Amino acid sequence: MSTPRTPASTPRTPDADWWRDAVVYQVYPRSFADADGDGLGDVEGITSRVPYLASLGVDAVWLSPFFPSPLADGGYDVADYRAVDPRLGTLDDFDAFLHAAHEHDLRVIVDIVPNHTSSAHPWFEAALAAAPGSPERARYVFRDGAGASGELPPSDWVSNFGGSAWTRVPDGQWYLHLFAPEQPDLDWSNPEVRSDFEETLRFWSDRGVDGFRVDVAHGLAKDLSTPYRPSNEHALPLDGSDPLYDRDEVHEIFEGWRRVLDEYDPPRAAVAEAWAPAPRRVLYARPTELGQAFNFDLLEAPFDAEVFRTIISRNTAAADESGASSTWVLSNHDVVRHATRYGLPEGTDTDAWLMTDGTEPALDRERGLRRARAATLLLLALPGSTYVYQGEELGLHEAPAIPHDELQDPKWDRTGHTVKGRDGCRVPIPWTPSGPSFGFGPVAPHLPQPEDFGASSVEAEDGDPGSTLTLYRAALAARARLQRGEELTWVDAETAPASASVVAFDRHDGWRCVMNFGTGPVPLPAGRVLLASGPLGDGELPGETTVWVAPVG
Ligand code: GLC
């Protein structure tokens, strides 16, 4: 066996299993902190906020893409996988960030986007310049069209952002893009594609990054044989038979990645973004593959005790069986913020709500935040790892009224202006109560912030005992003391407040989490209150509130 590689930057406390119960904070780099004053967040800005990230008590930071990109899809269209976008900084800036993070005992995860490159990637430019059938085209999925003269796309596959998943090039061939046309899909049956990505993993691992988030991990293996079968991304079959997503062959790719990640000491961690059915999602998280896969079940769930209980049971059992650790997520850069989702009437179509600039149906902001705080406290008591999205620690709501001409999400144009997309959760976060961008930077930010953002700024919430920031800090500090092992024991109706709207479980040593999903109060569980997501009544746990208790003594 070869000697493990020694990276340039290492965390102060080496620990191969750090990721198993880590709280990971997601930074969306262009909207976090703007140090150079161009309205766009940058790497130096993130470095300047490392002390803040450390003060939260999270274990790791995941950076969404910061690589050179024409920004057709918020940076998920990568033109060079081994560089920093010049608008965001340099590789030296990245190394300085990594060093600062490690000095603060924060691990760093970077985003790898293997399903597609940007159309500005040198490979795609070479593919366009080359002839049909050339090796340059064979890195992507170029095909002749259907119809008498190839004038129709090769299949009826649709792009995730709307419209056909095929675009025609001047010589008449078509190329596949599961996302925007500026994101051509790579052909992962091509060995050159495989070896190039393994080099990218080594490039960042050599610098000292601690792990990778793998974008659209379930999309890499495709059945491209003709006749093409229809794909049904939203109800994927359990037998891996969809032509585009979650096919069995994909796992061999990640076994190869695991071999690369294990060349390092400690081995690099990885988490798959795989929108696959729960029983198949865990396959990506096997120890021989990536180790973790995002579990989006709670993110997609209604605010309902029974649904939460079922999801938690299912996922903790799956983690036990597979040897992976569970992951828990309520928000990220792709979905309406959870404080907002929970403040809208049950079943609201959030795309339609955004089209009304957030006016119809009415958002109950206070209720949404109360529920969000309760849900977060429940998540942080679960075994496994939790992912937190920037701004949720401030209790931020979605920004639903971005003017149409300032929208950046490709969904807006690709759907003929019927779906606004994801910009409302990507608005730069507020650091100060006032200023041209609420402390994000010295000038107006690249996406406009709502006027009320200042009240939720870090400065406004810092030290306020009732603020969401204070709650997150207290919860993360308590979790750091309490969290160990994977054990979770449901508390039944005899010992917990007996109500269908309550979810209650014990961890070890009597650490108990009780969440009241209902609107009315239930009896407060016995024990010493460690933390609560909102004010408690006298002997009562109010509705939409979570409490952590420990045995007296
Ligand atoms: C993932 C990302 C999303 C991006 C898409 C295409 O789902 O989270 O933001 O648009 O992949 O790369």
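Ligands are counted one by one from 1 in listed order, and the atoms in each one are counted from 1 as well. As the structure is a prediction and not an experimental result, all values here were calculated from the model.
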- Ring centroid separation W62 to Y25 under 6.0 Å: no
- Task: Verify the ring-centre separation between F303 and Y342: is it less than 6.0 angstrom?
- Result: yes
- Message: List the residues meeting side-chain contact (heavy atoms from CB on, under 4.5 Å) with P135, not counting sequence neighbours, and say none if there are none.
- Response: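 By the side-chain contact (heavy atoms from CB on, under 4.5 Å) rule, P135 matches no residue at all.
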- Message: As a test of reading the model: which residues have a non-hydrogen atom less than 4.0 Å away from ligand 1?
- Response: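 Answer by chain and number: D73, Y76, H116, F161, F179, Q183, R213, D215, V216, E273, H333, D334, R422, R426.
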- Between V61 and L106, which heavy-atom pair has the shortest distance, and what is it? CG2-CD1, 4.3 Å
- With a 4.0 Å cut-off, would you call D59 and R479 a salt bridge?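 A salt bridge is absent here (no side-chain N lies under 4.0 Å from a carboxylate O).
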- Step-by-step side-chain hydrogen bond (donor to acceptor under 3.5 Å, both in side chains) determination, H446 to S31: CA-CA 8 Å; H446 68 108; S31 298; 3.0 Å; yes
